[in-house]
Amino acid sequence: MTQAYEHFIAGQAMPASDGATMTLPNPATGDTLATSAAGTAADAERAIEAAHAQLKGGEWSQMNGASRGLCIHRLADLVERDADQMADMDANAIGRPPAEPRMLDLPNAIATLRHAAGWADKIEGRTIPTAGYMGQPTLSYTERLPVGVVAAIVPWNTPLMITCWKLGALLAAGCTVVIKPAEQTPMSALHLAKLCQEAGIPDGVVNVVTGEGATLGPVLCKHPKVTKITFTGSPETGAAIQSVAAPLFKHVALELGGKSPQIVFDDADLEAAVGGCAMGLFFNQGQVCAAGTRLLVHEDIAAAFTDNLAEVARSIQVGNPDQEGTQMGAVASKGQYDKINDYIRRGSDEGAKVLAGGPSEDGDSGWYVRPTLFAEATNDMSIARDEIFGPVGTVITFRDEAEAIAIANDTRYGLAATVWTSNVARAHRVARQIEAGAVGVNAWAPIDPQLPWGGVKQSGIGRECGLAGVLAYTEEKVTTVVL
Ligand SMILES: NC(=O)C1=CN([C@@H]2O[C@H](COP(=O)(O)OP(=O)(O)OC[C@H]3O[C@@H](n4cnc5c(N)ncnc54)[C@H](OP(=O)(O)O)[C@@H]3O)[C@@H](O)[C@H]2O)C=CC1
Ligand SMILES: CCCCCC/C=C/C(=O)O
């Protein structure tokens, strides 16, 4: 029987106000996977009211930081208990082999919740020794107060992990939330909300509304009781959110796309670089904001590097994620499938050479894309400029360090970058000059709950995770007392 998912508002599962549902496809087969409530404006408003009630005088607003921290710790324990189930929910919804989220997304989500729990009783203010007020001595101090009701708009690629990046931090800060998962991946967010209830987080603190972003997004972004919007997804939707939220002076955090460079110097450990670059390209079918899709390779090692990487790409077993031995599943949707294949065709048309993969031939019984590697490319080609969000890499050669840095920075994005080198001084020198929120040296995308994550340029605004991620859900308020 097809599983039917409903909203989770004020601690209760409920259908859409008009009873409407939507069908969620199985990317691995093209069949129906599940249905979910097709949320209405009224549903979003109901969830916002529930979140607001908890914030303004509700049980949550009375809870101290230590108690909130305990709740988040209990939530982490429950996510750990249900980790495999939740990894499978995320994997099945986007056609991904479950081994990947079991290995990375879930451990990261759990660790992120635990890290955030630790901050809950350490959100401190300052005392500021001013010159006084009109000749009188004063005491000025600040407090970090919860920013308010948060709308958390989440994408489909690593849904639970990204939800926990937002949820752990905002709960630690004392906020409440309406989560809008991607329409394709509501399952793990709904399960997480139920676990919040089991963890003792009062009903109404964490609410989930499912359905279309085009319907629910504007309601969440405009509502006067929503103070902050945290979004991960495409630059286009990020811009749409900004255009709605900016005139209303809402706090907005955006984690958008990328076209991250992986720079391979001629002194790099070639085997490690090939393996790391392959992971950066093909992990989650390349559907990762930090995917290292521009491979900038020193000209002296370009032939050896590309041969080895192409060999890895050809060796990856693509197929139904439920079948044993499958290393890469389907891409998430027909839209993704068409977009990726269009770019692969465009790469060839623009003159780059296909070393592995190429356009797919069938898309009727699952949306499978072959790991694809282009060489003899230049940085002005569309395959080097646009976020493809699929398993497609582009090799571009460089002559020296300055040229590598110039190419790396010649992009509208700035989320992540990797430097492959055995020269320590070069590693620091190059890392410092790259315009990106996070640089890995000899490691692709070394994310960690303690490290701030976010982009520069068109890759976004704001940081998640670590202390910066928690403080982003607070407002600093100053009180001055004339003594
Ligand atoms: N940086 C990243 O991690 C991600 C980048 N992308 C990029 O975006 C491309 C398109 O993917 P797509 O899923 O359409 O990405 P979107 O950015 O459109 O979707 C992300 C989230 O935003 C919601 N949303 C859609 N429209 C609005 C709106 N007007 N207001 C508020 N929220 C809205 C979506 O809901 P709904 O699911 O209903 O559309 C989803 O929950 C990908 O090919 C990829 O290049 C995509 C996902 C993640
Ligand atoms: C090793 C996986 C790195 C994932 C980096 C964070 C991804 C976020 C996103 O895709 O939105």
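We count ligands from 1, going down the list as the structure has it; atoms in each ligand are counted the same way.
- Per-atom contact check: atom 1 (N) of ligand 1 touches the protein, criterion being a heavy-atom distance below 4.0 Å.
- From the protein, the heavy atom lying nearest to atom 11 (O) of ligand 2 is Cys289 SG, 3.0 Å.
- Among all non-hydrogen protein atoms, the one lying nearest atom 6 (C) of ligand 2 is Trp165 CH2, 3.5 Å.
- When only modelled atom types and interatomic distance are considered, Thr158 and Asp105 share no side-chain donor-acceptor pair under 3.5 Å.
- Results of the side-chain hydrogen bond (donor to acceptor under 3.5 Å, both in side chains) test with Arg385 over Thr411, Asp410, Asp380 single out Asp410 as the only residue that passes.
- Closest to atom 4 (C) of ligand 2, if we only count protein heavy atoms, is Val288 CG1, 3.8 Å.
- Protein heavy atom at the shortest distance from atom 23 (C) of ligand 1 is Ile153 CG2, 3.7 Å.
- Ligand-side atoms of ligand 2 in range of Thr232: 11 (O), range being under 4.0 angstrom from any heavy atom.
- Listed by number with element, the atoms of ligand 2 under 4.0 angstrom from any heavy atom of Glu255 are 8 (C), 11 (O).
- Residue contact check: Ile162 has heavy atoms under 4.0 Å from atoms 9 (C), 11 (O) of ligand 2.
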Does Phe389 form a ring pair (Phe, Tyr, Trp, His ring centres under 6.0 Å) with Trp156? I'd like the steps, not just the answer. CA-CA 12 Å; Phe389 227 60; Trp156 43 262; 5.5 Å; yes
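- Taking every non-hydrogen atom of Asn157 and a distance limit under 4.0 Å, the qualifying atoms of ligand 2 come out as 9 (C), 10 (O), 11 (O).
- Side-chain N/O atoms of Trp367 and Asp338 include no donor and acceptor closer than 3.5 Å.
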